[in-house]
Trainee: 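Take this structure first; my questions come after.
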Amino acid sequence: MRSCLYATTLISLLLVAGCDMFAGPSADIPDRELRSKWRECKQIKNPSRTKVLACENYERECDRRKNKGNLVCY
């Protein structure tokens, strides 16, 4: 019984503490910088594979923020 209580407490703490744990490195970018990088990506004609991956991350972060009501990229 006691181990069940510990497990429940641990899971609860992890859920509360890790809400944005899987958001990725783009989640730490300030709105102004994210918008600048996102717009830059829209203007690149022939991006490298590395730049494509970075731009996809920026796009995902823009979408994530849009879903939260922050229209920084749009």
Side-chain angles (χ1 to χ4, degrees):
M1 185 70 164
R2 190 176 235 174
S3 64
C4 183
L5 178 62
Y6 288 137
T8 303
T9 303
L10 179 61
I11 290 171
S12 297
L13 286 173
L14 289 174
L15 289 174
V16 170
C19 286
D20 282 337
M21 187 166 66
F22 301 108
S26 298
D28 295 333
I29 296 176
D31 287 349
R32 177 177 246 145
E33 186 178 346
L34 177 62
R35 180 176 174 78
S36 174
K37 290 179 181 291
W38 177 78
R39 291 185 79 184
E40 177 187 319
C41 286
K42 297 294 183 186
Q43 297 173 0
I44 299 173
K45 302 240 186 267
N46 190 15
S48 67
R49 182 65 187 139
T50 304
K51 193 66 172 176
V52 168
L53 292 173
C55 290
E56 287 172 352
N57 287 335
Y58 298 139
E59 186 73 33
R60 268 194 299 276
E61 182 59 23
C62 285
D63 288 341
R64 187 183 75 78
R65 292 184 191 191
K66 181 181 177 185
N67 290 335
K68 290 184 169 186
N70 182 347
L71 303 177
V72 66
C73 300
Y74 304 97

Trainee: Considering only heavy atoms from C-beta outward, does the side chain of Glu61 approach that of Leu34 to under 4.5 Å?
Mentor: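 Counting from C-beta outward, Glu61 and Leu34 do come under 4.5 Å.
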Trainee: Using a strict cut-off of less than 4.0 Å between a Lys/Arg side-chain nitrogen and an Asp/Glu carboxylate oxygen, indicate whether Lys42 and Glu59 qualify as a salt bridge.
Mentor: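 Judged by the 4.0 Å cut-off on N to carboxylate O distance, Lys42 and Glu59 do form a salt bridge.
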Trainee: When rounded to the nearest 0.5 angstrom, what is the spacing between OG in Ser36 and CG in Asp31?
Mentor: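 With rounding to 0.5 Å, OG (Ser36) is 12.5 Å from CG (Asp31).
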Trainee: Out of curiosity, Tyr74 OH to Arg65 CZ, how far, rounded to the nearest 0.5 Å?
Mentor: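 Interatomic distance, Tyr74 OH to Arg65 CZ, rounded to 0.5 Å: 11.0 Å.
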Trainee: Compare all side-chain heavy atoms of Glu40 with those of Lys51 and state whether any distance is below 4.5 angstrom.
Mentor: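 Result yes, sub-4.5 Å side-chain heavy-atom pair found.
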Trainee: What closest approach, in Å, do Arg64 and Ala27 show between heavy atoms, and which atom pair accounts for it?
Mentor: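 Nearest pair, atom of Arg64 first, then Ala27: NH2-CB, 3.7 Å.
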Trainee: Are Tyr58 and Ile29 side-chain neighbours, meaning at least one heavy-atom pair lies under 4.5 Å?
Mentor: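 In contact.
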Trainee: Side chains of Arg60 and Asn57: do they bring a donor and an acceptor to under 3.5 Å?
Mentor: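 The criterion, which ignores hydrogens and geometry beyond distance, is satisfied for Asn57 and Arg60.
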